[in-house]
Amino acid sequence: MNYWLMKSEPDVFSIDDLKKKKRTMWEGVRNYQARNFMRDAMKKGDKVLYYHSNCKEPGIVGLGEILTDTAYPDPTQFDENSNYFDPKATKEKPRWMLVDVGFVEKFDHEISLKSIKENPELNSMKVAQKGMRLSIQPVDKSHFDKIIQLK
DNA sequence: GCCAACGTTGGC
DNA sequence: GCCAACGTTGGC
């Protein structure tokens, strides 16, 4: 089992949106490293720390899980009307792959980025490093367990 | 809204 | 294949 942190802007798709929808296609990722994690490493049952970014109080707000064992093409890359449209992608040779993410729980209180940086047991997490803007990051089990303790 | 850090693009 | 220019991310 692997552990991940996935960023989402709450204005675009928040933990409450996920709670309402129960599951979602993780569409719109246009970064190769992040794509490769979804395509090559994610497995059904992997746990996901749901992170709100680009907002007033960035931080981990809940828990999700990976629902698919095999990544599949992100449909938005073929949609000319989508912000995520990629003219270089074709159905035969899709460039962007995604997985489905399911809702598990929303934390009673958010674990803010600030508190992660201040916690010596958590401040080595990738998300706390300067300039780290990858939207999908692997998480150490020890870090994951600590977050669950704090939630 | 600013801007540092980073990733991607494209000319050469 | 280098690297300058550009675009994006995301904390603050």
Side-chain angles (χ1 to χ4, degrees), chain A residues 2-21 23-42 46-66 71-140 142-144 146-151:
Chain A
N2 292 312
Y3 302 94
W4 307 95
L5 180 145
M6 297 175 88
K7 296 182 187 174
S8 184
E9 299 189 18
D11 291 346
V12 179
F13 197 82
S14 70
I15 186 77
D16 291 319
D17 293 324
L18 182 62
K19 183 175 183 179
K20 215 175 300 169
K21 273 188 70 180
R23 68 186 291 158
T24 188
M25 295 190 289
W26 204 258
E27 63 187 29
V29 169
R30 294 295 178 267
N31 170 284
Y32 290 104
Q33 248 184 299
R35 178 204 65 183
N36 293 348
F37 284 134
M38 289 199 283
R39 190 189 59 188
D40 305 331
M42 282 184 172
D46 284 1
K47 301 298 181 204
V48 175
L49 298 173
Y50 201 97
Y51 180 92
H52 279 173
S53 69
N54 203 12
C55 56
K56 204 167 175 190
E57 183 100 38
I60 298 166
V61 293
L63 202 60
E65 67 179 335
I66 303 302
Y72 61 98
D74 180 342
T76 63
Q77 69 193 302
F78 310 123
D79 177 1
E80 283 187 52
N81 297 317
S82 168
N83 287 337
Y84 303 128
F85 177 64
D86 183 346
K88 290 181 183 159
T90 63
K91 295 253 163 104
E92 293 71 33
K93 273 198 172 256
R95 180 181 289 207
W96 305 109
M97 309 293 275
L98 55 70
V99 297
D100 289 358
V101 177
F103 176 79
V104 175
E105 66 172 310
K106 180 182 177 179
F107 294 165
D108 291 334
H109 49 90
E110 166 177 349
I111 298 165
S112 68
L113 176 61
K114 186 165 177 288
S115 69
I116 290 171
K117 286 180 172 172
E118 285 169 357
N119 187 323
E121 292 180 75
L122 294 176
N123 63 11
S124 59
M125 289 182 76
K126 285 192 167 49
V127 73
Q129 307 313 305
K130 193 180 174 193
M132 186 61 205
R133 43 182 235 193
L134 195 57
S135 67
I136 298 178
Q137 307 173 1
V139 171
D140 291 348
S142 61
H143 289 148
F144 182 87
K146 186 68 190 173
I147 296 285
I148 295 304
Q149 260 179 51
L150 293 175
K151 77 177 167 65

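Bear in mind that the values here come from a model prediction, so they are computed numbers and not experimental data. Naming convention: chains lettered A, B, ... in sequence-line order (proteins, then strands); numbering from 1 in each chain. Because only heavy atoms are used, hydrogens play no part in the values below, and waters and symmetry mates are left out as well, while side chains stay in.
For A/Asp40, the CG atom sits in a packed shell: over 12 heavy atoms of surrounding residues, nucleotides or ligands are nearer than 6.0 Å. Applying the 6.0 Å contact sphere to NZ of A/Lys47 captures more than 12 heavy atoms from other residues, nucleotides or ligands. Enclosure of atom NZ in A/Lys146 by more than 12 non-hydrogen atoms of other residues, nucleotides or ligands within 6.0 angstrom is indicated.
Rounded to whole Å, atom P of C/dT9 lies 11 Å from atom CZ of A/Arg30. Atom CD of A/Glu9 is separated from atom C1' of C/dC12 by 15 Å (rounded to the nearest Å). A/Lys130 places its NZ atom 15 Å from the C1' atom of C/dT9, with the value rounded to the nearest Å. A straight line from CG of A/Leu134 to P of B/dT8 spans 10 Å, rounded to a whole angstrom. One atom, CG of A/Asp11, and another, C1' of C/dT9, lie 15 Å apart when rounded to the nearest Å.
A heavy-atom distance below 4.5 Å is found between the side chains of A/Ile60 and A/Ile147. You'll find the side chain of A/Gln33 stays beyond 4.5 Å of the side chain of A/Asn36, heavy atoms only.
In this model, the phosphate group of C/dC12 is approached by a side-chain N or O of A/Lys117 to a distance below 4.0 Å at OP1 or OP2.
In this structure, the side-chain contact (heavy atoms from CB on, under 4.5 Å) partners of A/Glu105, at least two apart in sequence or on a different chain, are A/Leu63, A/Phe107, A/Lys151.
Under the 3.5 Å distance criterion, with hydrogens and angles disregarded, a donor-acceptor pair is assigned to the side chains of A/Thr76 and A/Asp74.
Listed by residue number, there are no residues of residues 82-98 of chain A with a heavy-atom contact under 4.0 Å to DNA chain C.
In this structure, the ring of A/Trp26 has its center less than 6.0 angstrom from the ring center of A/Tyr50.
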Pairwise N/O distances under 3.5 Å, protein to nucleotides 1-7 of chain C:
from	atom 1	to	atom 2	distance (Å)
C/dG7	N2	A/Arg133	NH2	3.4

Does A/Tyr72 form a side chain to side chain donor-acceptor pair (under 3.5 Å) with A/Arg39? I'd like the steps, not just the answer.
CA-CA 8 Å; A/Tyr72 61 98; A/Arg39 190 189 59 188; over 6 Å; no
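Among the atoms of the strands shown, none is found under 4.0 Å from any heavy atom of A/Lys56.
Map A/Tyr32 and A/Asn54 each onto its nearest nucleotide of DNA chain B; the residue landing nearer the 5' end is A/Asn54.
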